[in-house]
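Right, one structure below, let's go through it.
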Amino acid sequence: MMSSLRGSSTSVSLRALMLLVAASGCASTRDQRGAYLDVIRADQRPPLVGARAAADSLFGPAEECERGDGIAESRRAELEALVRRFAPTLILPSGDNIGLHGRRAQLLPIHPLLFADTLRLDRVRAAPYQLKDFQDLPFRGLSLDSLAQLVELGLRSQSDPELLEVWYFNFPGTKPREWWKTYAGLRGGPDSAAWSQPTVFAHPFLDERNRVVVQYWYFYPMNDYIADHEGDWEHINVVLGADRSGIEEVHYFFHARSASLPQGNHRPEIADGTHPVVYVGGRAYMILDYPTRLFSHDRNSGSHGNYPYPGEWEAVAGLGHTESVTGSRHDSTRIVPHDRFQVVLTPDPGRIDYRRRPEVLREWAWLLLPVRWGFPSAPSLGSHVIAGDVGNRAPFGPAFNAGWNRAGPGLTYPGYRIRRIPAVRSYVEDLLQPWYYLYAFRHPRYVHDTRGTLDRKDLERLGFVPRSGWAERGVGSTILGVSVGYPQGGFAGPYGSSTGISLWKNFWAKARFGGIEFLGGYQRFPRTEGAGGSLFVYPITANFVLRAPEALFRPYAVAGAGPSGWESRLRIPNSDTQLVSSGWGVGWTGGLGVEYYLRPRVAFDVAVRYFDGPGPSGAGTGGERLHFLTLWAGHYFRF
C-alpha cells in the first residue's frame, strides 16, 4: 500500500486523495522507475524565482486583480496587446518532425497542460538512498482544494528527514523513437487541434534600468538530441525601448549560453517591424551523429535552443559540439509566424493569490509547482559517455529557471560573443579536420569570441579556453595526418625518404604537461641500395617545450633526449629471407613547430624535428649515428 506524503500538515489532508489513486500507483508503467536516482539527488531543486520590486508599476496593484493572477484589470488589455505586438516568429529545425497521413507534422511548442495529465510523485528514502514507493495523481482532475494543498506543500523549503520526494510529469515512452510514436498519435487523435496549436507564454518584467523586458517561453513535449530528455522549456527576451514602441535588444538563450543583440555588427532579425525572427536548433554535428541516427534511431535534430541566425554554432551543444541551425530553405512547414501563436500573458508566480481566488489554480498551478517536466533523467548518447548531467534531465518549469525575471547574459547563461568566421578560412579549417569531412563546407560558422572579455585565468576557470602555462595538458598525434622523414649524412646514402600517412609507415604521438613533453613513435625508411629492405627507428624522448603566448597561431620549440631504438631488415639477394638486427641507445631531438587553433581546444600542428640516434653498424651507414629530419603534420588536443 502506498503511504501518504510527509513533511507538512497539508499532507495529512491529502491522505484521502492519495488513497483514491493508490491503486493506479502500485504498478509502474516504466521499468526501474527510480533508476534516475543514480545521477540525480532527490533533495535538490531550484528555488522559485520571486517577483521584481517594480512589479506593481507594470502589473498594477494586486488588489485590483479579479482573476487572482496578480494582474490588475486596468492593465490587462494593455499588457496583452503589448506581448502580442512583439511576439517572435520561429523557424523550426529540419528533421524535428514525424510523418502523419502523408505529410510532415512538425514538433510544435504547445500549452503545457496538454502534457500535464498525470503528476507522478516518487518517494525516496534518504538512508539507504533508494526509491520507497510512488503515487500517480490525475493532475487535470484534482479538486481546487487538492491543487491548493499540492502548491502549499511544493513551495515549502523544509524537507522530511527520512523521506524525499521527486515530482514530475511524464510523457509516454522511454526513448525518442517511442516519444515520436506517442506524438504522432496525439497529433492525429481527438485532441489534434490542441496539439497543433503553437503556444507561447509571454511574461513581462521591468529590468534594473526600468525597461520592459518580455520573456517568451516555449514548451516542447520532448528533446530528440544528443542529450535526449522529455519536456523542454526554452525562451528569449525582447527588451523594449523607453517608449515601449520598438525593440532595443533581443536576448537569445541556447543550452547554457546566451547572446544579446545588437552586438558589434550583428543585429537581430526583425519581421514586420516588431517581431524578432528566431532560428530554433538544431543538429549536433559530430563523429557519432550518423551512428546514433542509424543504430539508436534518434533524430539528433531538435535541441530547441533559440539562435539569432542560421549557421554552424561552435561549442554550444552537448559535450561542447557544434550545433547546426537551419534556415527555412523555402520550407513553409517549418515557419511559425507570430500571428499563428496563441500568446498567453503570464503573471509572476509570487503575485498569484490562490488563497483568495483558488480557481486561478486551474490555469496556473503548473507554474507554481516544483515539478520536472518529464521523466527526471532519460538515457541518451551523452549520458552513456558521462555519468552526470549532460543535458538529458527533464527541466523544471520556467519560474524555477535561472533565466526567469532576468536579462541575459546572467546566472547559468554566460554571454556568447559572436564572431563570424570568413568563408575561405572556414573551408580551409574543415579540410584540416578529417573527422569533420561528413559536415565540411557548411557556412556561415560562428564562434565564441573570448578576446578582451575576461582575464585569461578567468576564462580558463570558466572552461571557455583550455588551461595554459604549467597547467596545460594535451595530446598530439599524426594518426589523422602525415609524417615525412628525410635521412641526413651517411644515413641518406643507402636509405631514401619516408612518407607515412596515418598508421602507414609511421606513428607519432606526444603528451604535454605544462613545459614538459613526452614524444614517441616510429618511422620506416626504405633501403635504396642492394636487394632492398627497410630501417625502423623509434625514439622516445622527454623534452622541454618553450611556447609562445596563447594566440590563433602559437609557435613552440622543443629539445630533449631519451632512449632510441632501431631495427634493420636487409633482404638477401635471390632469397625470400631477411637479415634482421636491432638495438637501443640514447638519442636526442630538437625542433620547431606552430599550432594553428581550429577550435579553442583543437590545433593543427606542424613541426620540423631533428633526431640524432643510434643505428646499425652493418647496414651500410658506416657505423655512424642516424641523423634525420621529420616533418610532422597532425593535430594537438588540449584538455
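Between the NE2 atom in His251 and the CG atom in Asn306 there is a gap of 13.5 Å [rounded to 0.5 Å]. Within the model, atoms CG of Asn97 and CG of Leu107 stand 9.0 Å from one another, a figure rounded to the nearest 0.5 Å. In this structure, Ile40 CD1 and Arg393 CZ are separated by 4.5 Å, a value rounded to the nearest 0.5 Å. Between the CZ atom in Arg177 and the CG atom in Asp228 there is a gap of 12.0 Å [rounded to 0.5 Å]. A distance of 5.0 Å separates CD in Gln106 from CG in Leu92, rounded to the nearest 0.5 Å. For the atom pair CZ (Phe171) and CD (Glu230), the distance works out to 8.0 Å, reported to the nearest 0.5 Å.
The side-chain contact (heavy atoms from CB on, under 4.5 Å) test applied to Ala423 returns Tyr427, His443, not counting sequence neighbours. Residues meeting the side-chain contact (heavy atoms from CB on, under 4.5 Å) test with Ala54, sequence neighbours left out: Ser57, Leu206. With sequence neighbours excluded, the residues that form a side chain to side chain donor-acceptor pair (under 3.5 Å) with Ser196 are Arg187. Legend: residues meeting salt bridge (Lys or Arg N to Asp or Glu O under 4.0 Å) with Asp207, ordered by chain and number and at least two apart, are Arg211. Residues that satisfy the side-chain contact (heavy atoms from CB on, under 4.5 Å) test with Asp117, not counting sequence neighbours, are Arg140. Take Trp364 and apply the ring pair (Phe, Tyr, Trp, His ring centres under 6.0 Å) test, not counting sequence neighbours, and it matches Trp366.
Between Asp69 and Arg76, at least one side-chain nitrogen of the basic residue sits less than 4.0 Å from a carboxylate oxygen of the acidic one, meeting the salt-bridge criterion. Under the 4.0 Å criterion applied to side-chain N and carboxylate O atoms, Arg638 and Glu550 are assigned as salt-bridge partners. Salt bridge Asp449/Arg417: absent, no basic N to carboxylate O contact under 4.0 Å. Salt-bridge formation is not detected for the pair Glu472/Arg467: no Lys NZ or Arg NE/NH1/NH2 atom is positioned less than 4.0 Å from an Asp or Glu carboxylate oxygen. Arg351 has no carboxylate O lying under 4.0 Å from a charged side-chain N of Asp348, or vice versa, which leaves the two without a salt bridge. Ion pairing between a basic and an acidic side chain is recognised when a charged N comes within 4.0 Å of a carboxylate O; Arg420 and Glu312 show no such pairing.
For the pair Asn237 and Val214, the minimum side-chain heavy-atom distance is 4.5 Å or more. Side-chain contact between Gln215 and Trp404 is present, with at least one heavy-atom pair separated by less than 4.5 Å. Residues Glu323 and Phe254 fail the side-chain proximity criterion, which asks for heavy atoms closer than 4.5 Å. Put simply, the side chain of Arg406 reaches to within 4.5 Å of the side chain of Leu411, judged on heavy atoms. Put simply, the side chain of Arg329 reaches to within 4.5 Å of the side chain of Arg334, judged on heavy atoms. Glu269 has its side chain out of reach of Pro308: every pair of non-hydrogen atoms, C-beta onward, lies at least 4.5 Å apart. At a threshold of 4.5 Å between non-hydrogen side-chain atoms, the residues Leu480 and Thr478 do not count as touching.
Between Trp313 and Tyr307, the ring center distance clears the sub-6.0 Å criterion. In this structure, the ring of Tyr309 has its center no less than 6.0 angstrom from the ring center of Tyr279. Taking the ring centroids of Phe553 and Phe604, they lie at or beyond the 6.0 Å cut-off. The aromatic ring centroids of Phe396 and Trp373 lie 6.0 Å or more from each other. In this structure, the ring of His255 has its center less than 6.0 angstrom from the ring center of Tyr225.
Listed for the Ser377 side chain is no donor-acceptor partner under 3.5 Å among the backbone atoms of Tyr36.
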Exercise. Output, in order, the C-alpha distance, side-chain angles, deciding distance and verdict of side chain to side chain contact (heavy atoms under 4.5 Å, CB included) for Leu58 and Val212.
Key: CA-CA 8 Å; Leu58 182 65; Val212 173; 4.3 Å; yes

Go through Phe115 and Tyr220 one step at a time and tell me if the ring pair (Phe, Tyr, Trp, His ring centres under 6.0 Å) criterion holds. CA-CA 9 Å; Phe115 186 94; Tyr220 299 87; over 10 Å; no

Residue pair Arg554, Tyr636: steps toward the side chain to side chain contact (heavy atoms under 4.5 Å, CB included) verdict:
CA-CA 12 Å; Arg554 187 174 72 152; Tyr636 178 56; 4.1 Å; yes

- Would Phe219 and Asp232 satisfy side chain to side chain contact (heavy atoms under 4.5 Å, CB included), going step by step from the backbone distance to the final call? CA-CA 6 Å; Phe219 177 72; Asp232 195 14; 5.9 Å; no

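Relative orientation of the Phe139 and Phe169 rings is perpendicular, given thresholds of 30° and 60° on the angle between their planes. Taking the six-membered ring where tryptophan is involved, the planes of Phe201 and Trp233 are perpendicular, since the angle between them exceeds 60° and thus also 30°. The aromatic rings of Trp217 and His235 lie parallel to each other, their planes meeting at an angle below 30°, with 60° marking the opposite boundary.
No hydrogens or angles considered: nothing links the side chains of Asp605 and His635 as a donor-acceptor pair under 3.5 Å.
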